[in-house]
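Quick note on labels: first sequence line is chain A, next is B, and so on, each numbered from 1.
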There are 2 protein chains.
Amino acid sequence: MGITKTEIFTDEQNKLAVQLKAIAHPARIAILQHIIAAKACICGDLADELGLAQPTISQHLKELKNAGLIQGTIEGVSVCYCIEPKAWANLQKELNVLFSSYKDLNSCC
Amino acid sequence: MGITKTEIFTDEQNKLAVQLKAIAHPARIAILQHIIAAKACICGDLADELGLAQPTISQHLKELKNAGLIQGTIEGVSVCYCIEPKAWANLQKELNVLFSSYKDLNSCC
DNA sequence: AATATATATTGCAATATTACGATTAATGTA
DNA sequence: TACATTAATCGTAATATTGCAATATATATT
């Protein structure tokens with residue numbers, strides 16, 4: 001078919017998948033890194049820095065925003081994007097739970 | 001176009017994106033959780049447990065393996081899949097670097 | 001009000017992903 | 001060797017993503 005069967009998974013699994021998908025693109029990783037380093041937080045600057053067209057950056061920002069990972073504040077004619085602290089911390093926690101649940105011991109092969 | 005411009009990003013950004021993409025699907029999250037909890041580590045069992053067809057699980061396992069996150073050991077007629085410890089630890093580290101690089105202080109908005 | 005600047009949206013073509021039935025390949029057992 | 005069991009691959013249809021040019025929207029300035 002081609003459509004993910006979200007109904008057979010838990011809300012946690014689906015939400016984690018959605019947020020990871022938002023990060024799982026090199027351009028969006030680069031955008032997040034730039035925002036965090038405060039090198040650039042507005043669309044046009046990011047487009048210049050990363051070498052992608054303005055509409056492309058705008059779309060990536062939209063996806064990150066839809067996933068709740070960043071927030072935008074209107075500043076005159078431009079928009080300043082930055083990390084959404086709660087979602088960021090929550091995702092970090094969820095990932096830690098997943099990654100820490102594995103101990104080298106319980107490997108069966 | 002529709003093709004990611006990997007050449008304008010660093011190897012680290014691209015690799016991280018690939019591995020995150022591998023995890024960024026509810027079925028693959030569920031598979032990893034099952035493998036870690038040692039509830040099931042063979043294709044058929046996972047198919048039964050998760051309610052997806054055997055070829056579908058096989059494809060998801062292949063993607064996780066391609067990303068280097070799991071490894072498969074042939075055990076008679078079946079294959080036991082488990083976490084690839086090094087890649088797992090490395091990804092955990094990379095994610096920690098990314099997530100920890102953000103401090104609530106340096107938000108510009 | 002007209003102009004400049006910055007972001008968002010639309011539309012499109014190329015590509016990638018998702019899921020599964022049918023089939024094939026590989027190992028173990030009678 | 002024939003048969004059973006399990007995993008992988010192939011083929012296909014549906015859907016989603018990626019990137020950009022063109023355009024629209026929104027705010028600031030003159």
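- Enclosure of atom CD1 in B/I8 by more than 12 non-hydrogen atoms of other residues, nucleotides or ligands within 6.0 angstrom is indicated.
- With hydrogens and angles left out, the side chain of B/Q54 and the base of D/dA8 share a donor-acceptor pair within 3.5 Å.
- Picking from C/dT15, C/dT7, D/dC10 the nucleotide with the shortest atom distance to the side chain of B/I3 gives C/dT15.
- Between B/R28 and A/L61, it is A/L61 whose nearest contact on DNA chain C lies nearer the 5' terminus.
- Mapping A/A24 and A/G76 onto DNA chain D by nearest heavy atom places A/A24 at the nucleotide closer to the 5' end.
- Proximity of a side-chain donor or acceptor of B/S100 to a complementary backbone N or O of B/N96 within less than 3.5 Å is detected.
- Nearest to the side-chain atoms of B/I42 among the listed nucleotides D/dT17, D/dA7, C/dT7 stands D/dA7.
- Nearest-nucleotide mapping onto DNA chain D: of B/K65 and A/K21, the residue sitting toward the 5' end is B/K65.
- In the set D/dG19, C/dA8, D/dG11, C/dA8 carries the atom at the smallest distance from any side-chain atom of A/Y81.
- Listed nucleotides: C/dA19, D/dT9, D/dC20. Nearest to the side chain of A/A53: D/dC20.
- Checking C/dA8, D/dT5, D/dG19 against the side-chain heavy atoms of A/H25 singles out D/dG19 as nearest.
- For B/C43, whose side chain is taken as the heavy atoms from C-beta onward, the closest listed nucleotide among D/dC20, D/dA7, C/dT7 is D/dA7.
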